[in-house]
Structure formats: structure tokens, C-alpha cells
> 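Below you will find the structure I want to go over with you.
Only a predicted model underlies this, so the values are computations on that prediction, with no experimental measurement involved. So that the names make sense, note that chain A is the first sequence line, chain B the second, and so on, each numbered from 1.
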There are 2 protein chains.
Amino acid sequence: MAETATLTLQGACSSREILNDISGKWSVMALTTLAYGPCRFNALKRALEGISQKALTDTLRRLERNGLVERHVLATSPVGVQYELTELGVSLKSLYCALHQWTAENRTIIHAARERFDERVA
Amino acid sequence: MAETATLTLQGACSSREILNDISGKWSVMALTTLAYGPCRFNALKRALEGISQKALTDTLRRLERNGLVERHVLATSPVGVQYELTELGVSLKSLYCALHQWTAENRTIIHAARERFDERVA
DNA sequence: CGGCATCCTTTTGGATACTG
DNA sequence: CAGTATCCAAAAGGATGCCG
């Protein structure tokens with residue numbers, strides 16, 4: 001099944017371009033966090049412990065641009081902003097949660113692999 | 001999984017660090033391609049059309065370091081190098097193929113979302 | 001609170017040349 | 001063929017200050 005040709009679609013919105021925006025560390029983690037429900041900016045920032053404000057802003061903009069999350073300005077004082085998965089975002093939810101879970105389940109194996117590799121190279 | 005009271009174990013291989021190495025455009029695409037079977041360097045390079053040699057080398061090293069692919073030097077002339085998924089890599093296979101497929105299935109929707117966003121911002 | 005603008009450092013990636 | 005080495009450009013990312 002050499003389906004690579006059909007998956008690597010040419011044109012305005014190839015798989016590569018999409019993956020460029022939605023894969024990556026912060027996108028996966030943000031989406032996974034939002035899978036539990038709508039979340040405000042600083043709550044998200046705390047959940048993604050270690051992310052800078054700029055990186056989070058950029059990540060959320062990218063996800064918003066691709067139609068995966070929606071940004072809602074709350075009429076509170078001071079202003080609040082809530083992010084929420086769209087229908088499209090929800091359709092990716094189980095995939096990303098599974099990925100996140102995979103990292104948790106295999107972190108010991110991966111850690112060992114890294115140590116072997118580093119020793120082999122050193 | 002001996003969870004000794006060391007802080008460095010958690011820190012040494014968190015989900016964030018794993019995702020940092022295995023998520024991302026090229027990792028997803030390389031892994032997806034290798035899901036169809038072992039593949040040699042230049043064949044992989046052609047499949048990931050547009051990737052530079054350096055980026056591919058770096059990507060494969062990262063995947064190898066994390067125990068997802070294995071590198072086999074073939075005794076041919078001139079030398080050949082074949083990359084193959086490990087058992088761990090296979091365990092991620094369905095996840096990444098599903099992700100790749102998701103991008104293909106939703107590319108029209110995403111493209112439309114991008115256009116709406118860009119127009120809203122402009 | 002949730003940004004944006006600016007500056008600056010780090011990382012990443014492309015291009016090219018060279019090698020076993 | 002499958003790299004490595006080097007240089008350079010571009011992008012990502014942190015720190016800080018300001019704002020509605």
C-alpha cells in the first residue's frame with residue numbers, strides 16, 4: 001500500500017502544511033488540555049507549565065487559524081478569554097489524547113532507549 | 001518502573017520532552033512512511049519530498065535515539081542504509097497513520113478555516 | 001487578565017562542499 | 001549512497017515593559 005502519493009497532496013493545503021501547524025509539542029499539549037473542556041488563557045498556561053506567554057499565544061493563534069479552537073472573550077472584569085475546541089478540534093481529540101497517553105505509558109522505555117543511544121554514541 | 005524518589009527521573013523524560021522529539025511535522029511524516037515497511041535513506045527523502053538532507057538526518061537520529069526506528073547498514077556496494085520501525089515504533093504506527101489520514105480527510109475544512117481567519121484578521 | 005511590541009538569544013533549517 | 005562539516009539565514013522562544 002504505497003499510499004504516500006495520495007496522502008502527500010499537493011496544493012494549497014497539503015498534509016505537510018497542516019502537520020506543520022497542528023503537530024508539535026505545544027499544539028498536542030494544548031489540544032489535549034482543552035479536551036477536558038473550555039479553558040482560560042492563564043489556566044492553560046499553568047497546565048502547560050513551562051510554556052512562555054508568547055509561545056502559548058502563538059500556539060493558540062495557529063490552532064484558531066486552522067479551525068481547531070475558538071476564542072471567546074468573556075464580559076467579565078477584568079476581561080477573560082476562554083478557549084474551546086471546535087467540532088474539528090473535537091474530531092482530533094481522541095487522537096491527541098491517545099498520543100499523550102502513549103508518551104506516558106512508554107516514557108520508561110524511551111528513557112532507557114535514550115540512555116543506550118547516548119552511551120553508544122559517546 | 002522503579003519510581004525512586006528522584007526528581008530527575010520525572011524531569012528526565014516527561015511527556016513534554018518526548019513530544020518534543022516525536023511530534024512535529026517531519027517525525028510524523030517519516031514514521032508514517034516507515035509504517036509501510038523498511039525504507040532506505042534516499043527513498044525516504046523522496047517520500048518526504050521537500051525535506052533537506054540535514055533535516056532528514058536529524059529527524060532519523062532523533063527517532064533512533066528515542067527507540068522508534070532502527071538503522072541497518074546494508075553490505076551492498078555502494079553502502080546502503082535501511083531504516084525500520086522498532087516494536088516501539090510500531091506501537092505508534094496506527095496513531096500516526098490515523099493522524100496523517102485525519103489531515104487528508106479534513107484538508108478542505110482546514111483550508112476554509114484558514115481563509116476565514118486570514119480575512120478576519122486582515 | 002490577556003494580551004502585544006520589542007529586543008535578544010537559541011534553535012532550526014537550507015545550501016554547499018567533501019568523504020568512505 | 002548516505003552521510004559529515006561548515007556557513008549562513010530564518011524561525012522559534014524567552015524576558016521585559018506597556019496597555020485596555
> Which nucleotide in the set dC4(C), dG2(C), dC1(C) lies at the smallest distance from any side-chain heavy atom of P78(A)?
dC1(C)
> K45(B) NZ to dT4(D) C1': how many Å, rounded?
15 Å
> Looking at E84(B), R40(B), Q82(B), which hits side-chain hydrogen bond (donor to acceptor under 3.5 Å, both in side chains) with H72(B)?
E84(B)
> Kindly calculate the angle separating the two end axes of the helix from dC1(C)-dG20(D) to dG20(C)-dC1(D), each obtained from five base pairs, and round it to 10 degrees.
60°
> Among dG2(C), dA2(D), dT4(D), which nucleotide has an atom closest to any side-chain atom of R40(B)?
dA2(D)
> For L56(A) and dA12(D), give me the distance from atom CG to atom P, rounded to whole Å.
16 Å
> Answer yes or no: does a side-chain N or O of R71(A) lie under 4.0 Å from OP1 or OP2 of dG2(C)?
no
> Provide, to the nearest angstrom, the distance between the CH2 atom belonging to W26(A) and the P atom belonging to dT11(C).
15 Å
> Starting from C1' on dC1(C), measure out to CG on L44(A) and report it in whole angstrom.
14 Å
> OG1/T103(B) to CG/N20(A) distance, rounded to the nearest 0.5 angstrom?
12.0 Å
> Can you tell if the side chain of L34(B) reaches within under 4.5 Å of the side chain of L68(B), non-hydrogen atoms only?
no
> Going from CE on M29(B) to CG on L56(B), what distance comes out if it is rounded to the nearest 0.5 angstrom?
11.0 Å
> Is Y83(A) close enough to dC1(C) that one of its side-chain N or O atoms is under 4.0 Å from OP1 or OP2 there?
no
> Within the modelled atom types, does a donor on one side and an acceptor on the other bring the side chain of Q53(B) and the base of dG3(D) under 3.5 Å apart?
yes
> Between G50(A) and V79(A), name the one whose nearest nucleotide on DNA chain D is closer to the 5' end.
G50(A)
> Quickly work out the L74(B) CG to dG20(C) C1' distance and round it to whole Å.
16 Å
> Starting at CD of E87(B), measure out to NZ of K93(B) and round the result to the nearest 0.5 Å.
12.5 Å
> Between atom CZ in F41(A) and atom C1' in dC4(C), what is the gap in whole Å?
11 Å
> Go through dG3(C), dA2(D), dG14(D) for me and flag the one nearest to the V81(A) side chain.
dG3(C)
> Taking NZ from K54(B) and P from dA11(D), how many angstroms apart are they, rounded to a whole number?
15 Å
> If the cut-off is 4.0 Å, is R61(B) near the phosphate of dT4(D), judged by side-chain N/O to OP1 or OP2?
yes
> Enter the distance from W102(B):CH2 to L88(A):CG here, rounded to the nearest 0.5 Å.
4.0 Å
> When you measure from the side chain of T57(B), which nucleotide among dG3(D), dG3(C), dC1(D) comes out closest?
dG3(D)
> Measure from the side-chain N and O atoms of R107(B) to the backbone N and O of I18(A), and report whether any donor-acceptor pair falls under 3.5 Å.
no
> If I take atom CD in residue Q82(B) and atom C1' in nucleotide dG3(D), what distance separates them, rounded to the nearest angstrom?
16 Å
